[in-house]
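A short worksheet on the structure shown next.
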Amino acid sequence: MKKSIIISAIIVLFILGTVIGVILIKNFAGEEEKTQIAEESQEEIYDDCTDEYEEMVQSNTLVEETSSESEKISPNCSIIFRRYYNQCGHTLEQYASVPTELVNKTEEDLQKQYEGWTIEEFSKNQIVLYREFDSECGEHYVLREKDGKVAVYLRVGDTEELVEETDIATEFLTETDRIELQNGIEANGRVELNQLIEDYE
């Protein structure tokens, strides 16, 4: 009798152990599966969020960079007005400081201020504006000798008008220079004229 009770108890314990083992294994496998599913879904969510976040940051950065990179005119900027005259084919340049009302303005603001001009160069320190005119430049100068001195004439059509008599004595110039002055030395624009006069001083 005792033997049968012990055998029954062992069988019951074996069955109970097997059932508990199966339940534990199922729970463990279920937890592992849940963890794996959670990790996968978390990775997917993380990846999607990360991509969206990176795109958002990148687009915001680009907007900020674009707005901060739009160059503005500084107070010490210089402007070069480049004028081309069709009738005589000359290009004259005039240098000027930037007007105070243009300081901290953009290229678009500059274009509004100077309608009809083409912006050839734009930076915070230098601006080059270009425009064509259907006329003569009106700055065709001729250097000639007058009363032993170098004189400046303005050529208007076929005539020459005396503009300035310099203090440069022709007697101290080379023979070649004196011959060139007798024939007339042409200068287009004030810059070229001033350079010629400096060369003779």
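Keep in mind the model is a prediction, meaning the values are calculated, not measured.
- Of the N and O atoms on the side chains of N125 and S123, not one donor lies less than 3.5 Å from an acceptor on the other residue.
- Counting heavy atoms of neighbouring residues, nucleotides and ligands inside a 6.0 Å radius, atom CD of Q87 exceeds 12 of them.
- If you chain together ILVMFWY residues whose side-chain heavy atoms come under 4.5 Å of each other, V191 ends up in a group of its own.
- The existence of a salt bridge linking K124 and E71 is excluded, since no basic side-chain nitrogen approaches an acidic carboxylate oxygen closer than 4.0 Å.
- Relative orientation of the Y85 and F133 rings is parallel, given thresholds of 30° and 60° on the angle between their planes.
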Checking side-chain hydrogen bond (donor to acceptor under 3.5 Å, both in side chains) for the pair Q195/D199: CA distance, chi angles, key distance, verdict?
CA-CA 6 Å; Q195 186 61 55; D199 291 344; 3.2 Å; yes
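- Ionic pairing of E107 and K72 is not present here: no N-O contact between side-chain nitrogen and carboxylate oxygen is shorter than 4.0 angstrom.
- More than 12 heavy atoms of other shown residues, nucleotides or ligands fall within 6.0 angstrom of atom CG in N183.
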Does the salt bridge (charged side-chain N to carboxylate O under 4.0 Å, His left out) test come out yes or no for E120 and R82, once each step is laid out?
CA-CA 9 Å; E120 286 192 334; R82 190 172 286 155; 2.7 Å; yes
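- In summary, R178 and E145 do not engage in a salt bridge, as defined by a charged side-chain N under 4.0 Å from a carboxylate O.
- With respect to F81, the ring-ring contact (aromatic ring centres under 6.0 Å, His included) criterion is satisfied by exactly one of Y130, Y114, Y95: Y114.
- Using a cut-off of 4.0 Å between Lys/Arg side-chain N and Asp/Glu carboxylate O, R155 and E161 are scored as not salt-bridged.
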Run the side chain to side chain contact (heavy atoms under 4.5 Å, CB included) test on N86 and E132 for me, step by step, so that the C-alpha distance in whole Å, both residues' side-chain angles and the decisive distance to 0.1 Å come before the verdict.
CA-CA 7 Å; N86 291 322; E132 292 187 6; 3.8 Å; yes
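- Salt bridge present: E165 and K146 bring a charged side-chain N and a carboxylate O closer than 4.0 Å.
- Within 6.0 Å of atom NZ in K149, more than 12 heavy atoms from other residues, nucleotides or ligands are found, so the atom counts as buried in its surroundings.
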Applying side-chain hydrogen bond (donor to acceptor under 3.5 Å, both in side chains) to Q94 and R83, what does each step give before you reach the verdict?
CA-CA 8 Å; Q94 176 191 358; R83 296 174 172 89; 2.9 Å; yes
